Amino acid sequence: MSSTATLATTAPTHHHHHHRRHPPSIDRLTFLIDKSKSINHLLQTHALLLRHGLHHHPILNFKLQRSYASFGRLDHSVALFHRTDNPTVYFWTSIIHSHAQLGLQNLALMYFTEMLTNGVEPNCFTFSAVMKTCPLEPGKALHSQTIKLGFDSDLYVRTGLVDVYARAGDVVSARQLFDTMPEKSLVSLTAMITSYVKRGAIEAARKLFDGMQERDVVCWNVMIDGYAQHGMPNEALFLFRKMLAAKFKPNELTVLSLLSACGQLGALESGRWLHSYIENNRILVNAHVGTALIDMYSKCGSLEDARLVFDRIEEKDVVVWNSMVVGYAMHGFSQDALQLFVEMRRIGYRPTDITFIGVLSACAYAGLVNKGRAFFSSMKDEYGIEPKIEHYGCMVNLLSRAGQLEEAYEFVKKIKIDPDPVLWGTLLGACRLHGNIALGEEIAEFLLGQNLANSGTYILLSNIYATVGNWDGVARVRALMKSSGIQKEPGCSSIEVDNKVHEFLAGDRRNPRSKEIYMMIEEMNRWLKTHGYAPQVDTVLHDLGDKEKEQSLEVHSEKLALAFGLISTQAGTTIKIVKNLRVCSDCHAVTKLLSKITGRKIVMRDRNRFHHFVNGSCSCGDYW
DNA sequence: CTAGGGTTAG
């Protein structure tokens, strides 16, 4: 007994030495390679092979190469391949697969071509490997080759082809290949669903999904993520509940999609629930999950939680840092954002274009014009990052917030990229804030002439006129909108109570507690009146009398959500509201006052930023 | 030896 024990605990090198004259069997070596737990294990087995002169054995060599690749050591894998004379089709396929897996598509294709040049016949496995992440053009060439060789009906090859066309956005060809498949599988169905989801054809995707005979976690993830990525976050959460009810076990990718959905909804309670789900189910909070959590907490208005997650992520990458910097910035906590930026550089992270989105918006919110300008030039000069339209957007914000509207305009005109509607919208918004009619009209006219105007353009222009009391202008815009059939995008505010997200449109009466909500609105109006508040009827676009205008303001979606928050949460609780558009100025003023009257902290997320209303004032400093 | 799923943004 004791001698057996000694043998088992002997170091591997000794063990091998002991067997020098009796080389380990091929089976034993195969086992060692396949069961390697670490790269070191593998290196030891490799040494063993060399010692016994077995390194030319085709199967062992092939398995060794595959194992190196799976540990992310493509360098070893490639070296081994190049040392092999006349590699078999298996070996070629494996080296192609290893490159494709890591997204090295050009190299994968290069090996494929080389293989053909060497007179080695590809098989179904080879085609399946090389098609992975292959672009459309070479994909089409592969397609005809498979037809010539009679492989195109093979389940795996065909699924690969569906995926090639799907990834290239050619959903028609993908569907045709899919429909004519001799046999379909869960995977091919998922590939087709993915194709629809990528184009935003969620209905079509859902139809296929609903018709599936069997499902697995991947297809659930694709469908849930489809909703999350296409502005239907509530549906994503809804489908997730179905997934749990159907007893499927969510994984890391599931929670990533759902955290994004919670962030979009501002659904803090659901987000917290997911966070505990992650912890209870041993899903590792790696950089990906960590980023998603930080983003969710920031967008749900809880920066404290975002920071806690940030501090606890062991292996932070630049994306993790970015999400925290951006989180601080969008809440207007500029100093924290900039401090974190300094810290990340000190540790040695290289900022990316996203980092500068955070840094520049932080400067804009804090009015740090010169600092922002300096960051903007350092982007290119110091870090070699070409500014994108988004960065110009930040600069326009920065300059116009500081009142340097003309300079912002000049800035936009000098941009080499074509300015887009969002950028012009930012500038137009600045004109509203500074009551600069002349520039506002110039921009709006330009946009109308270029056919770049959207409903936001009209609304902003009208708001500019309203700011300076130019009612003729307001009326003109209204007429223009009417004649060109432009509809205002409906404002929608949501609030999460008891794990459920409640959405409100203006004048909405769909909520079961509607009656109480409108009673609360009346109560709010009485409070406001006592405090001498006069509704900003002038900002109302519609052709209505003052009384009606007042009434239309009273039922803005923000106010309905706020009233619902007041009647359905404990006194003293922070109320968190998410709005799809910018906050209207009447609602902003009302919310400020109500934060004082009710003693509640109110956090409102609008399309661009957060407003923290506390005791009668807002963190945006009335500039948004 | 094979096929399908992902994080930060004006």
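These numbers come from a predicted model, not from an experiment. Each chain gets a letter, A, B and so on, in the order its sequence line appears, and its residues count up from 1.
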* Would you call A:F62 stacked on B:dC1, i.e. ring centres under 5.5 Å apart with the planes less than 30° off parallel? -> no
With distance as the sole criterion, do the side chain of [X] and the base of [N] form a donor-acceptor contact below 3.5 Å?
X: A:T291; N: B:dT7; value: yes
X: A:N608; N: B:dG10; value: no
X: A:H288; N: B:dG6; value: yes

* **Test: A:R215 cationic atom under 6.0 Å from A:F248 six-membered ring centre, within 45° of axis** => no
* Asked: Quick one: does NZ or CZ of A:R350 land under 6.0 Å from the six-membered ring centre of A:Y383, within 45 degrees of the ring axis?
  ->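 Checked: cation-pi criterion not met.
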Could you check whether [X] gets within reach of a base, just the sugar-phosphate, or nothing at all, counting any heavy atom under 4.0 Å?
X: A:D216; result: base
X: A:I357; result: sugar-phosphate
X: A:V422; result: base
X: A:L360; result: nothing
X: A:I389; result: base

Ignoring backbone atoms, test whether [X] places a side-chain nitrogen or oxygen under 4.0 Å from the OP1 or OP2 oxygen of [N].
X: A:K132; N: B:dT2; result: no
X: A:K198; N: B:dG6; result: no
X: A:H97; N: B:dA3; result: yes

In whole Å, what is the span from the [atom1] atom of [X] to the [atom2] atom of [N]?
X: A:I354; N: B:dT8; atom1: CD1; atom2: C1'; answer: 6 Å
X: A:Y90; N: B:dC1; atom1: OH; atom2: C1'; answer: 7 Å
X: A:L60; N: B:dC1; atom1: CG; atom2: C1'; answer: 15 Å
X: A:N251; N: B:dG4; atom1: CG; atom2: C1'; answer: 13 Å
X: A:N123; N: B:dC1; atom1: CG; atom2: C1'; answer: 9 Å
X: A:N454; N: B:dG10; atom1: CG; atom2: P; answer: 17 Å
X: A:E386; N: B:dG10; atom1: CD; atom2: C1'; answer: 17 Å
X: A:R167; N: B:dA3; atom1: CZ; atom2: P; answer: 12 Å

* For DNA chain B, what residues of residues 182-193 of chain A have any heavy atom nearer than 4.0 Å? ->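 Under 4.0 Å from DNA chain B: A:S185, A:L186, A:V187, A:T190.
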* Heavy atom of residues 313-321 of chain A under 4.0 Å from DNA chain B: which residues? ->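 Here the set is A:V319.
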Donor-acceptor side-chain pairing of [X] and [Y] below 3.5 angstrom:
X: A:R307; Y: A:Y297; value: no
X: A:S455; Y: A:E489; value: no
X: A:T180; Y: A:R158; value: yes

* Closest approach of A:S298 and A:H331, non-hydrogen atoms and distance? -> O-NE2, 2.8 Å
* To do: Flag yes if more than 12 heavy atoms outside A:K413 fall under 6.0 Å of its NZ atom; otherwise flag no.
  => yes
* Asked: Do NZ/NE/NH1/NH2 and the carboxylate oxygens of A:D606 and A:R582 come within less than 4.0 Å?
  ->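 Salt bridge: yes.
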* Taking the side chain of A:F125 as heavy atoms from C-beta outward, which of B:dG10, B:dG6, B:dT2 is closest to it? ->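 Nearest listed nucleotide: B:dT2.
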* Answer yes or no: is there a side-chain heavy-atom contact under 4.5 Å between A:F125 and A:Y90? =>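 The answer is no, as the side chains (C-beta and beyond) never meet within the 4.5 Å cut-off.
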Only distances under 3.5 Å count here; give the side-chain donor-acceptor pairs of residues 390-398 of chain A to other protein atoms, sequence neighbours excluded, each with its distance to 0.1 Å.
from: A:H391; atom 1: ND1; to: A:K388; atom 2: N; distance (Å): 2.9
from: A:H391; atom 1: NE2; to: A:D353; atom 2: O; distance (Å): 2.7

* Asked: Rounded to the nearest 0.5 Å, what separation is found between the NE2 atom of A:H434 and the CG atom of A:L405?
  -> 5.5 Å
